Amino acid sequence: MGTFLIIIGFLGIIGSFVYLIICLIKKKKKKIASFSILGAFVIMILGAALFPPVEDETAKADKEEINNKIEKKKEIEFTVENSTIDTDDYGKAVVKGTVDPDAKLMVNGEELTKDTKGAFTYDVSLENKLDYSKEITISASKKGYEDTNYIVTILNKTREYKEKIAKEEAAQKAADEKEAEKAEKEAAERKAIEEEEARKEAAAQKEKERLGAEGESALIKAQSYSDMMQMSKAGIYDQLTSEYGEQFSPEAAQYAVNNIEADFNINALGKAKDYQETMSMSPEAIRDQLTSEYGEKFTPSEANYAITHLND
């Protein structure tokens, strides 16, 4: 309405001024034009008076804050003695607390009773006595107040649960002890292997020093027989000590075969493939040739490895 009156007054003023100018030009009476201007001005003032006042941002924010405080609901007076409660041996526990006497208390769709002062109790019984815990939510509501929820955790302290935990702890302890025993055994085995290797290295070094140049020469020859001819350990020893072969002393030959870098399973396999490819021998005939004291002199286990992998 205020805006409408302001527009009418404004248009009236413009029209009155136009009429006043015409009167001046034609030298007519200016009384009507003056009253028209005054009337239009009064209408504009009346419209401005009816127009709603403009609030600044601070005043507007303060007003909204006041309205929010008025509209905000109050909180219900509601407390629970303990948020965490242990059960007894049979899985039962009691939740205790106080609430506004006029509020409504609900748990799992069930309304709780309370005394005139708002004190209440709620009996809890665990359905599954092997679970660690159970949570229950108690809700309080009252008209004109904000609803309040309280979560209570029920810890399982039943005999069944204690027995379950005891069994799990015992099983874990046994597993830990077994693992520790295994680790200790492995450590002892590693230590024994390391000590044996150290002993062998020390013995080999001592034997090397004792045999001198003969031992080194025998070792070089032994390595050559293994690498180039794929001979067995016994075959290399015989070749090194033979009066028709290298004629090394038994000590130098033994030192050599004990210290060459060779995998005699691989040597046996190489010999077996040679017999198969060049002489077309059967696997059993090859086995006999590999283990014969007049043949290659490999051990039975080395010959078995060769025959097993002959066609790989």
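From a predicted model like this one, the values you see are computed outputs, not experimental measurements.
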Are F120 and I76 connected in the hydrophobic side-chain network, where two residues link if heavy atoms are under 4.5 Å apart?
yes
Inspect the surroundings of NZ in K104 and state if more than 12 heavy atoms from other residues, nucleotides or ligands are less than 6.0 Å away.
no
Under the side-chain hydrogen bond (donor to acceptor under 3.5 Å, both in side chains) rule, what do N156 and T158 come out as? Steps first, then yes or no, please.
CA-CA 6 Å; N156 190 346; T158 61; 2.8 Å; yes
Run the numbers on K233 and K297 for side chain to side chain contact (heavy atoms under 4.5 Å, CB included), then give the verdict.
CA-CA 8 Å; K233 186 174 183 179; K297 298 183 180 180; over 6 Å; no
Closest non-hydrogen atoms of A303 and T291, given as atom of the first, atom of the second and distance, are CB-CG2, 3.5 Å
May I have the step-by-step check of salt bridge (Lys or Arg N to Asp or Glu O under 4.0 Å) for K178 and E181, ending in yes or no?
CA-CA 5 Å; K178 185 176 180 180; E181 183 180 348; over 6 Å; no
Counting only heavy atoms not in E77 (residues, nucleotides, ligands), do more than 12 fall under 6.0 Å from its CD?
no
Side chain to side chain contact (heavy atoms under 4.5 Å, CB included) between S133 and D131, worked out
CA-CA 6 Å; S133 65; D131 286 342; over 6 Å; no
Tightest non-hydrogen contact, residues I154 and V124, listed as CG1-CG1, 4.1 Å
With heavy-atom distances below 4.5 Å as the criterion, would you say the side chains of K157 and D88 are in contact?
no
Should I307 and M279 be counted in the same cluster of Ile, Leu, Val, Met, Phe, Trp and Tyr side chains packed under 4.5 Å apart?
yes
Nearest 0.5 Å, what's the CD-NZ distance between E177 and K173?
5.5 Å
Evaluate the side chain to side chain contact (heavy atoms under 4.5 Å, CB included) criterion for residues F248 and K221: first the C-alpha distance (whole Å), next the side-chain angles of each, then the deciding distance (0.1 Å), finally the verdict.
CA-CA 10 Å; F248 285 106; K221 281 288 185 180; 4.0 Å; yes
Joint hydrophobic cluster, M106 plus V95, side-chain heavy atoms closer than 4.5 Å
no
Using atom types as modelled and distance alone, determine if a side-chain donor or acceptor of T121 lies under 3.5 Å from a backbone N or O of K96.
no
Distance col, row S217:OG vs L211:CG, nearest 0.5 angstrom, shows 10.5 Å
Between L130 and E160, which heavy-atom pair has the shortest distance, and what is it?
CD2-O, 4.0 Å
For V107 and T137: C-alpha separation, side-chain torsions, deciding distance, then whether side chain to side chain contact (heavy atoms under 4.5 Å, CB included) applies.
CA-CA 6 Å; V107 178; T137 301; over 6 Å; no
Side-chain (Q223) to main-chain (E261) donor-acceptor, under 3.5 angstrom
yes
Distance in Å, D100 CG paired with F78 CZ, rounded so as to fall on 0.5 Å steps
11.0 Å
So which heavy atom on D89 is nearest to which on K162, and how close?
OD1-NZ, 3.5 Å
With heavy-atom distances below 4.5 Å as the criterion, would you say the side chains of E251 and R210 are in contact?
yes
Reported OG1-to-CD1 distance for the pair T153 and I85, which is rounded to 0.5 angstrom:
9.0 Å
Donor-acceptor pair, side chain of K271 and main chain of M229, under 3.5 angstrom
yes
For a side-chain hydrogen bond (donor to acceptor under 3.5 Å, both in side chains) check, start with the C-alpha distance between S139 and N149, then their side-chain angles and the critical distance, and finish with the verdict.
CA-CA 4 Å; S139 302; N149 294 323; 2.7 Å; yes
Identify whether Y150 and Y122 are in the same connected component of the hydrophobic contact network (ILVMFWY, side-chain heavy atoms under 4.5 Å).
yes
Are M228 and Y275 connected, step by step, through hydrophobic side chains (Ile, Leu, Val, Met, Phe, Trp, Tyr) whose heavy atoms are closer than 4.5 Å?
no
Would you name the heavy atoms of S226 and N267 that are closest together and state the gap between them?
OG-ND2, 3.1 Å
Can you find a side-chain donor-acceptor pair between Y244 and Q239 that sits under 3.5 Å?
no
Please report whether the ring centroid of F264 lies less than 6.0 Å from that of F298.
no
Going through the distances and angles, do K191 and E194 end up as a salt bridge (Lys or Arg N to Asp or Glu O under 4.0 Å)?
CA-CA 5 Å; K191 183 178 179 181; E194 290 171 358; over 6 Å; no
Give a yes or no on whether the backbone of E110 and the side-chain of N108 come within a donor-acceptor separation of less than 3.5 Å.
no
To the nearest 0.5 Å, what is the distance between OG (S224) and CG (L219)?
11.0 Å
If we ignore hydrogens and angles and just use 3.5 Å, is the side chain of D115 paired with the main-chain N or O of G118 as donor and acceptor?
yes
Are any of the side-chain nitrogens in E197 or K200 under 4.0 Å away from the carboxylate oxygens of its partner?
no
Is there a salt bridge (Lys or Arg N to Asp or Glu O under 4.0 Å) between K134 and E127? Walk through the geometry before answering.
CA-CA 9 Å; K134 174 183 179 180; E127 296 84 6; 3.2 Å; yes
Please determine if K142 forms a cation-pi arrangement with Y145, meaning its NZ or CZ atom is less than 6.0 Å from the six-membered ring centre and no more than 45° off the ring axis.
yes
Which heavy atom of Q247 sits nearest to which heavy atom of E243, and what is that distance?
NE2-O, 2.6 Å
Please determine, by modelled atom types, if E246 and Y225 share a side-chain donor-acceptor pair under 3.5 angstrom.
yes
Roughly how far apart are Q289 CD and D274 CG, rounded to 0.5 Å?
11.5 Å
Would you find more than 12 non-hydrogen atoms of other residues, nucleotides or ligands less than 6.0 Å from Q205 atom CD?
yes
Between T98 and T79, does a side-chain hydrogen bond (donor to acceptor under 3.5 Å, both in side chains) hold up when you go through it step by step?
CA-CA 5 Å; T98 57; T79 59; 2.9 Å; yes
